[in-house]
Amino acid sequence: MSLEVIKRSVFSTIQDRGRPGYARWGVPVSGMMDDHSGRLANWLAGNSPFHPLIEVSLTGGKYQFQKDGMIGITGAPAICRLNEEEISMNISQSVKAGDMLTVGRLRKGRFLYLAVHGLEIPEKVMGSYSTYVPGTFGGINGGIIKEGDLISYQTVHDQSIRSVPGKLIPHFGGKRELRVTEGPEWYQLKKGQQKKILATIFKTDPQSNRMGIRLKSEVPCDISIDEMMSSPVVPGIVQYSGKGNYIILHRDGQTIGGYPRLLKVIDADLWRAAQLIPDAEVSINMISMVEAVEYGNYMESLYPPGTTGSQKG
Amino acid sequence: MKLFRLGEKAVLVRSGQQIEEEEIRALSEIIMQQKPRDLEDVITAYDSIAITFSRPIVDIEGLREYLNNIKADSTSIREPELIEIPVCYGMGMDWNEIEQYTGLSQSEVIRIHSNARYEVAMLGFVPGFIYLSGLPETLFCPRKKVPRIAVPAGSVGIGGEHTGMYSLSSPGGWQIIGLSPVKLFNEKEEPPVKLKAGDQISFIPISEKEYHKRINNES
């Protein structure tokens with residue numbers, strides 16, 4: 001008795017916390033692009049925060065439940081229907097055997113999370129269920145979720161209905177400020193150039209994906225992009241790729257890069273970067289490392305009990 | 001050695017005047033063996049490593065001191081292994097460009113490439129990509145102007161001053177000089193890559209028939 005995918009979305013994958021600790025082999029961490037929304041979806045479904053769930057991108061899809069269960073839907077707003085009836089996101093939803101869930105096109109954001117209580121993925125790869133599509137491993141046979149896929153899940157014992165506190169439901173839209181700290185090559189820029197970058201309004205490029213969020217600007221940067229030796233990078237690093245273009249490396253990003261690393265989007269804002277829609281206006285706010293860590297701790301303190309989880313999971 | 005922040009949970013260590021590339025590599029091995037508290041990973045590149053942690057690090061002075069201390073007694077480095085990798089050069093896809101850029105014939109390139117001894121410089125940027133240093137200067141070749149969308153798994157290529165191997169099919173701009181039947185990345189094994197930075201590599205030319213035989217035996 002499973003969840004059956006009746007109509008697939010353009011790009012949906014299974015994600016969890018990801019596989020930290022494998023970057024030394026060139027393996028990206030992967031995991032939920034918007035882990036803020038993802039762990040809240042799991043909370044609604046009565047799962048542990050980083051239980052594997054379905055990360056839906058761009059278009060929604062159709063899913064049929066073959067037995068009773070509990071689900072949670074969060075992230076980018078979309079019209080969701082259970083059979084014919086429209087249902088709310090950000091609240092626990094019980095489903096009955098035979099129910100059909102339809103998720104519409106995602107609006108104002110790039111990722112929607114569908115958590116199902118006790119979702120069971122057959123095989124962990126390198127410690128994680130996360131799908132890494134370019135490497136064809138993880139998730140369901142290393143690929144995107146397709147029509148006919150069957151994913152089993154557990155029966156619910158705890159029927160309690162939870163709803164995401166209003167202050168944790170993000171505002172989705174075309175404008176966003178991202179907090180950043182200095183990257184290793186930032187100091188190589190002249191002060192005037194630094195000021196100019198910090199005052200720039202960037203636009204997101206539609207080419208963005210799980211590997212990286214691309215930002216465009218009219219402001220070329222005075223730094224050579226050819227002379228750097230390839231060096232390690234982590235998700236959140238902002239590389240300058242020339243001609244006013246920048247890339248915020250994300251969960252499926254490479255482990256080593258050859259472009260100057262000017263900035264680092266703070267970990268607590270990485271999920272906001274993930275949700276940027278094409279042509280969104282992005283401004284950056286440089287903060288200190290202490291402020292970045294403090295803000296991260298503050299964000300953690302806002303989550304309801306049971307959504308924080310240990311760092312190991 | 002110079003330390004830079006790479007976000008809240010990672011520190012970049014770059015070789016400076018006092019520290020050589022081999023020392024950087026030794027440093028990364030020692031850190032992996034000693035596993036300081038909350039260590040998550042050590043990513044090794046040519047002249048730099050990133051040390052990543054499972055929690056934020058505000059103050060890096062303690063880490064700097066730790067690194068300076070282990071630098072002092074970094075004498076024990078693991079013996080590098082010598083690994084022979086079979087390659088069917090006949091299945092290379094960019095011979096015209098390589099002959100043009102190097103001014104050498106295919107058989108001369110094969111002779112030089114397979115006689116050289118290489119060193120694993122780093123693993124990544126994508127799973128199973130292996131950067132090798134030690135490419136003879138006569139074989140230096142610029143990358144393709146338009147990168148391929150999918151370079152086949154097992155491709156051996158030349159990119160600038162380096163040669164290397166794509167273990168998984170991935171996009172890439174290197175000039176492909178041959179295909180190897182050896183699978184150097186296996187996500188189902190622990191660790192997924194058997195090579196380490198510092199290992200020695202040599203390439204053994206094989207025929208297309210031998211290539212197919214080995215591929216069939218591997219699967």
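Within every chain, numbering begins at 1; the chains are lettered A, B, ... in the order of the sequence lines, protein sequences first and strands thereafter. This structure is a prediction, so every number in the text was calculated from the model and none was measured.
Residue A:Arg24 holds its CZ atom at 8.5 Å from OG1 of B:Thr52, rounded to the nearest 0.5 Å.
In this structure, chain A has a heavy atom under 4.5 Å from the side chain of B:Phe4, while its backbone stays farther away. The part of A:Glu182 that comes within reach of chain B is its backbone (N, CA, C, O), which places non-hydrogen atoms under 4.5 angstrom from that chain. In this structure, chain A has no heavy atom under 4.5 Å from any part of B:Phe129. Contacts of A:Val180 with chain B are absent, with no heavy-atom separation under 4.5 Å from either backbone or side chain. Within the 4.5 angstrom heavy-atom criterion, no atom of A:Glu291 approaches chain B. For chain B, the nearby parts of A:Pro184 are the backbone and the side chain; heavy atoms of each come within less than 4.5 Å. Using a 4.5 Å cut-off between heavy atoms, B:Leu3 makes no contact with chain A at all. In this structure, chain A has a heavy atom under 4.5 Å from the backbone of B:Val42, while its side chain stays farther away. If you measure heavy-atom distances from B:Leu6 to chain A, the contacts under 4.5 Å come from both the backbone and the side chain. For A:Tyr22, the parts sitting under 4.5 Å from any heavy atom of chain B are the backbone and the side chain alike. Contacts between A:Ile266 and chain B at a heavy-atom distance below 4.5 Å involve backbone atoms as well as side-chain atoms.
Contact record, A:Val290 with B:Val58: CG2-CG1, 3.6 Å, taken as the closest heavy-atom pair. Of all the heavy atoms in B:Gly7 and A:Thr181, the pair that sits closest is CA-OG1, 4.4 Å. Across all non-hydrogen atoms, the minimal contact from B:Ile43 to A:Thr255 is CG2-O, 4.0 Å. The nearest pair of heavy atoms linking A:Val234 to B:Ala10 is CG1-CB, 4.2 Å. Here the closest non-hydrogen pair linking B:Glu8 and A:Asp267 is OE2-N, 2.8 Å.
Remark: B:Glu190 does not engage A:Arg19 in a salt bridge, criterion side-chain N to carboxylate O under 4.0 Å.
Within residues 179-189 of chain B, the residues having any heavy atom less than 4.5 Å from a heavy atom of chain A are, in residue-number order, B:Phe185, B:Glu187, B:Lys188. When the heavy atoms of residues 139-174 of chain B are compared with those of chain A, the residues falling under 4.5 Å are B:Leu168, B:Ser169, listed by number.
For B:Glu61, the salt bridge (Lys or Arg N to Asp or Glu O under 4.0 Å) partners at least two apart in sequence or on another chain are B:Arg64. Partners of A:Tyr295 by ring-ring contact (aromatic ring centres under 6.0 Å, His included), not counting sequence neighbours: none found.
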**Study point:** B:Leu12 vs A:Arg261, side chain to side chain contact (heavy atoms under 4.5 Å, CB included): CA-CA, chis, key distance, verdict
**Key:** CA-CA 11 Å; B:Leu12 181 80; A:Arg261 298 155 292 187; 3.6 Å; yes

Exercise for review: Give the C-alpha distance, both sets of side-chain angles, the deciding distance and a yes or no for side chain to side chain contact (heavy atoms under 4.5 Å, CB included) between A:Met289 and B:Arg5.
Suggested key: CA-CA 9 Å; A:Met289 192 54 66; B:Arg5 296 308 307 252; 3.6 Å; yes

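Heavy-atom neighbours of A:Tyr298 OH from other residues, nucleotides or ligands within 6.0 Å: at or below the threshold of 12. Surrounding CD of A:Glu177 are more than 12 heavy atoms belonging to other residues, nucleotides or ligands, all under 6.0 Å away. Heavy-atom contacts from other residues, nucleotides or ligands closer than 6.0 Å to CZ of A:Arg214 number 12 or fewer. Enclosure of atom CG in A:Asn141 is not indicated, since only 12 or fewer non-hydrogen atoms of other residues, nucleotides or ligands lie within 6.0 angstrom. Applying the 6.0 Å contact sphere to OH of A:Tyr259 captures no more than 12 heavy atoms from other residues, nucleotides or ligands. By the neighbour-count criterion of 12 heavy atoms within 6.0 Å, atom NZ of B:Lys194 is densely surrounded, having more than that number from other residues, nucleotides or ligands.
Considering only heavy atoms from C-beta on, A:Pro28 comes within 4.5 Å of B:Pro127 through its side chain. For the pair A:Ser230 and B:Phe125, the minimum side-chain heavy-atom distance is 4.5 Å or more.
When A:Gly257, A:Gly26, A:Gly258 are compared by the number of non-hydrogen pairs under 4.5 Å with chain B, A:Gly26 comes out ahead. The most heavy-atom pairs under 4.5 Å with chain A, out of B:Pro56, B:Gly124, B:Ser48, B:Ala50, come from B:Ser48.
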